Protein chains: 2
Amino acid sequence: MRTQVVTIHDVARAAGVSPATVSRVFNGGRVTPERAQSVQQAAAELGFAPNRLARSLRKQRSSVIALIIPDIENPFFTSLARGVEDAAQRTSLSVVLCNSDEDTDKERRYLEVALGEQMAGVIVAAASQDDTDLGPLIARGVPVVAVDRRPHDAEVDAVRADDQHGGEVATRHLLQAGYRRIACITGPEGASTSEERLAGYRAALHAARSEGIAADDAYVRHADFRVEGGRAAMRELLALPEPPDAVFVTNNLMTIGALDALAEAGRTPPGVGVLSFGDVPWASLVRPSLTAVELPSYELGRAAADLLLQRMEGSAAPLQTVVLRTRLQIRESTAGPVASD
Amino acid sequence: MRTQVVTIHDVARAAGVSPATVSRVFNGGRVTPERAQSVQQAAAELGFAPNRLARSLRKQRSSVIALIIPDIENPFFTSLARGVEDAAQRTSLSVVLCNSDEDTDKERRYLEVALGEQMAGVIVAAASQDDTDLGPLIARGVPVVAVDRRPHDAEVDAVRADDQHGGEVATRHLLQAGYRRIACITGPEGASTSEERLAGYRAALHAARSEGIAADDAYVRHADFRVEGGRAAMRELLALPEPPDAVFVTNNLMTIGALDALAEAGRTPPGVGVLSFGDVPWASLVRPSLTAVELPSYELGRAAADLLLQRMEGSAAPLQTVVLRTRLQIRESTAGPVASD
DNA sequence: TATGGGGGTGAAATCCTTTTCACCAGCAGG
DNA sequence: CCTGCTGGTGAAAAGGATTTCACCCCCATA
């Protein structure tokens with residue numbers, strides 16, 4: 001059986017010291033300069049690379065953190081991932097990405113890996129509010145930060161956007177633009193973002209009921225946060241006897257699907273108003289340009305990582321939830337029904 | 001100091017057997033059924049989760065594989081990642097993603113992590129042809145597969161697309177469509193995909209030199225495979241005394257930048273022909289629709305993972321390179337200069 | 001000249017699991 | 001009745017690092 005090419009013992013022997021001293025050289029213990037020197041040299045000559053497993057096993061903590069996201073093909077999450085990476089960059093930590101694919105089973109497996117590999121920390125955008133069990137990690141004392149999505153019985157720090165408020169502002173904007181039959185395509189039940197953006201929509205419609213706006217859920221559809229789901233939901237809405245004249249779509253990918261379905265039916269914004277929660281990727285290419293609730297994806301990742309790092313450094317501050325502001329960016333797709341109807 | 005919540009010893013004690021037996025229960029050794037039963041039960045009651053570090057340390061091999069990609073924000077690579085995951089899915093392996101950000105330093109760090117964590121295998125889309133050093137991994141006997149990009153002194157299995165051929169077909173198509181001053185925006189020098197797609201372009205132009213097509217590199221620009229780089233390169237080309245009438249862009253993101261720059265200059269395809277190597281994400285929203293060399297991103301990941309799994313099972317077949325076919329998908333953006341000039 | 005203290009060092013314990021090895025019991029065949 | 005297997009088991013080693021602990025040396029202070 002093949003074994004570790006060169007271990008700390010080999011270095012120790014080559015440098016004429018004990019393994020303990022070699023370890024101290026690499027971990028900032030007190031060693032006389034000339035000894036340190038010769039250890040460094042021996043290590044370099046032998047091409048010594050420390051066995052991180054052994055190190056982590058002993059230290060009860062590895063030096064990688066896990067970022068678990070539900071959809072790696074969604075630019076929102078990849079941008080968030082960049083934020084996490086950039087924050088971790090300044091430390092010696094490595095970030096590994098795990099794609100749960102909105103699947104609680106896969107997610108559970110990754111959480112087990114994170115636990116079993118003694119990862120130093122975990123940032124998770126939960127696939128589900130209820131089925132995501134962070135208990136074992138927390139029990140083990142592993143720092144955990146929830147990002148974007150909030151697990152239900154959250155005994156963890158969290159970083160998220162003001163989803164409900166954003167949904168409300170978005171819907172209000174559609175009303176002000178003159179749309180009257182406003183639909184909402186939202187994500188799966190059980191995802192907090194899904195629910196809260198929808199709650200914002202409902203609140204705005206409810207507030208406008210005196211103007212004869214219906215606030216029942218006839219125009220609400222739950223889909224899957226993906227392109228296909230958005231397309232299917234939009235088709236359904238267009239097939240109604242009295243189709244909506246605007247749609248608030250609660251994520252970027254579903255907006256793409258919805259736009260497809262609209263094009264297919266020969267309708268285009270702003271004749272039918274379209275408003276996306278979260279910028280559509282490479283929005284510059286989309287004509288007409290899209291009104292969207294801008295989601296600070298990168299900053300969410302960044303903030304989550306900062307919080308995690310604080311905890312890893314031992315901060316015992318009470319649990320906190322950081323809420324980042326969204327901003328409505330008004331463009332052509334919600335110019336109002338009269339403009340082109 | 002906090003220690004592992006429950007170890008194999010605790011389970012052993014609870015079940016009245018030795019640790020060795022517990023291990024055998026979980027690893028398919030021979031154990032009498034009733035003993036196995038009581039071990040299972042004890043483990044469940046105590047909430048035993050094996051320490052994967054200790055296991056990997058002893059086995060000299062962990063059960064995760066690393067996928068190192070140069071740009072997590074490029075949908076091509078995320079789709080490739082999905083392919084890898086789906087293939088790994090059927091085994092007990094977990095995939096962790098590492099984003100090297102086209103930065104050989106970051107990449108080196110991740111390669112060190114893969115080595116130090118004794119990962120079971122590595123799939124890498126190299127940030128550079130020359131500076132990516134897979135030597136240590138190979139020396140350690142870790143299976144490695146290069147995907148998409150080919151490291152230069154490749155002592156590894158590889159899976160890639162027929163880049164040169166695709167580039168040639170693409171350029172020929174532009175010529176046939178009637179374009180005469182065809183530019184090429186390609187990626188960084190040192191990336192094999194960059195070079196080979198460019199080589200295809202050159203070959204096609206060279207073959208057409210009898211028709212008075214210039215085959216010097218006056219219209220060639222190297223950029224960074226990102227949106228910004230594509231935009232800048234296109235601006236430069238448009239500022240030439242005699243700007244090109246078509247452009248072959250060697251990746252999807254740079255195409256987006258190029259389209260932006262064109263729009264900014266008031267030009268649109270197919271007046272200026274635009275052909276992308278690799279589908280632009282959510283191409284359905286782009287008007288006019290884009291001619292592209294379709295790159296089987298998902299299948300590349302899938303094939304790479306399959307190859308890696310074979311090696312991990314001990315296949316001693318000679319090194320192989322799998323080349324997947326690309327396909328030119330003709331759409332509106334290369335309809336020809338006369339059509340709208 | 002003693003005493004105390006601090007810095008540097010190595011032996012050995014530790015982290016948790018897998019795996020080797022020795023052993024035992026039970027059974028089949030000579 | 002003895003030999004030879006085979007299947008099941010536990011003790012102990014192995015895997016490679018970190019860290020505790022005891023120790024030694026040297027210098028400063030009483």
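All values reported here derive from a predicted model rather than from experimental measurement. To find a chain, count down the sequence lines: A is the first, B the second, and so on, and within it residues start at 1.
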Check: A:Phe48 ring centre within less than 6.0 Å of A:Phe26 ring centre | yes
Starting from P on C:dT17, measure out to CZ on B:Arg61 and report it in whole angstrom.
-> 21 Å
Determine whether A:Leu324 and A:Leu300 make a side-chain contact, defined as any pair of heavy atoms from C-beta on separated by less than 4.5 Å.
-> yes
Of the candidates C:dT17, D:dG16, D:dT19, the side chain of A:Lys59 sits closest to D:dT19
C:dT17 phosphate, OP1 or OP2, under 4.0 Å from B:Asn51 side-chain N/O = no
Collect all protein-nucleotide pairs involving nucleotides 6-8 of chain C in which both atoms are nitrogen or oxygen and the distance is under 3.5 Å.
residue : atom : partner : partner atom : Å
C:dG8   : OP2  : A:Arg30 : NE           : 2.6

Kindly say if A:Arg58 contacts the phosphate of C:dT14, meaning a side-chain N or O under 4.0 Å from OP1 or OP2.
-> no
Rounded distance in Å - CD (B:Glu117) to P (D:dA17) | 13 Å
Selected nucleotide, minimal atom distance to A:Asn27 side chain, candidates D:dG16, C:dT17, D:dT18 | D:dT18
Could you give the distance from CG (A:Leu134) to CD (A:Glu155), rounded to the nearest 0.5 Å?
-> 10.5 Å
Strand-adjacent residues in residues 17-24 of chain B, judged by heavy atoms under 4.0 Å from DNA chain C | B:Ala20, B:Ser23, B:Arg24
Within this structure, what is the CG-to-C1' distance between A:Leu53 and D:dA14, rounded to whole angstrom?
-> 15 Å
Whole angstrom is fine here: how far is it from CG in A:Leu115 over to P in C:dC16?
-> 13 Å
Whole-Å distance separating the CZ atom of B:Arg13 from the P atom of D:dG10 | 14 Å
Side-chain donor/acceptor of B:Glu107 to backbone N/O of B:Ser100, under 3.5 Å | no
Shortest non-hydrogen pair, A:Val5 vs A:Asp10, comes out as O-OD2, 4.1 Å
Starting at atom CG of A:Leu46, determine the distance to atom P of D:dG16, rounded to an integer number of angstrom.
-> 15 Å
Give the rounded distance in Å between these two atoms: NE2 of B:His9 and C1' of C:dT14.
-> 12 Å
Side-chain ion pair, B:Arg108 and B:Asp103, N-O less than 4.0 Å = no
A:Gln118 CD - C:dT17 C1' separation (whole Å) | 12 Å
Residue pair B:Ile138 / B:Val156, side-chain heavy-atom distance below 4.5 Å | yes
Is there a side-chain contact between A:Leu111 and A:Thr132, using heavy atoms and a 4.5 Å cut-off?
-> yes
Is the shortest distance from a Lys or Arg side-chain nitrogen in A:Asp148 or A:Arg160 to a carboxylate oxygen in the other one below 4.0 Å?
-> no
